[in-house]
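Only one structure is covered here, and it is reproduced in the block below.
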Amino acid sequence: RSGGLGLILTELAGGREDGVGITIIEEVVDGGNADGSGIQPGDSIVGLTVKKSVNKGINVEEERVSVSTECLSYDATIEALMSLPEVVSDDDEVTL
């Protein structure tokens with residue numbers, strides 16, 4: 001589904017030049033992609049994986065791209081999340 005993760009993030013600690021910090025979920029957007037997933041305000045995203053099914057002729061291959069977001073500042077967390085490939089198919093999965 002389009003619309004991103006459906007999460008509002010907030011930074012508790014950060015602002016360091018090395019990108020270290022603590023970013024947590026402030027709110028789960030009603031009707032957003034994370035709604036009903038069990039994610040709650042106060043949770044922290046430590047990593048994310050996008051799994052895509054890629055058609056290669058008669059074969060379908062699974063492609064996984066992961067990022068770690070543990071102990072990152074808000075900006076570094078957003079940068080890591082934005083580096084993931086776009087989810088465009090119902091067969092694509094995002095795993096926290």
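All residue numbers in this chain count up from 1 along the given sequence. In this text the structure is predicted, and so the values were computed from the model without any measurement.
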Minimum heavy-atom distance between [X] and [Y], given as atom pair plus value:
X   : Y   : value
E11 : S73 : OE2-CB, 3.0 Å
L48 : L81 : CD2-CD2, 3.5 Å
T49 : S66 : OG1-OG, 2.8 Å
V67 : A80 : CG1-O, 3.7 Å
G6  : A34 : O-CB, 4.2 Å

task = Answer whether the closest heavy-atom distance between the side chains of I24 and T10 falls below 4.5 Å.
result = yes

ask   = Does any non-hydrogen side-chain atom of V28 lie less than 4.5 Å from one of L7?
value =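 Contact flag for L7/V28 side chains = yes.
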
task = Kindly indicate, with the supporting measurements, whether the criterion side-chain contact (heavy atoms from CB on, under 4.5 Å) is fulfilled by T77 and L9.
result = CA-CA 9 Å; T77 297; L9 305 177; 4.1 Å; yes

message = Let me check something: do V65 and M82 share a hydrophobic cluster, defined by ILVMFWY side-chain heavy atoms less than 4.5 Å apart, either directly or through other members?
response = yes

Connected via hydrophobic side-chain network under 4.5 Å: I39 and L84 =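 The answer is yes; both residues are in one hydrophobic cluster.
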
Spacing of [atom1] belonging to [X] relative to [atom2] belonging to [Y], to within rounding of 0.5 Å:
X   : Y   : atom1 : atom2 : answer
C71 : D18 : SG    : CG    : 11.0 Å
S37 : L5  : OG    : CG    : 9.5 Å
E93 : R64 : CD    : CZ    : 7.5 Å
E70 : I22 : CD    : CD1   : 10.0 Å

ask   = Short question: side chain of D35, backbone of G32 - any donor-acceptor pair under 3.5 Å?
value =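 Looks like no, no N/O pair under 3.5 Å.
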
message = What verdict does the side-chain contact (heavy atoms from CB on, under 4.5 Å) test give for I8 and I25, after you've listed the backbone C-alpha separation in whole Å, the side-chain angles of each residue and the deciding distance to 0.1 Å?
response = CA-CA 6 Å; I8 296 174; I25 296 165; over 6 Å; no

inquiry  = Run E62 and K52 through salt bridge (Lys or Arg N to Asp or Glu O under 4.0 Å) and show every step you take.
reply    = CA-CA 6 Å; E62 189 177 281; K52 300 176 79 64; over 6 Å; no

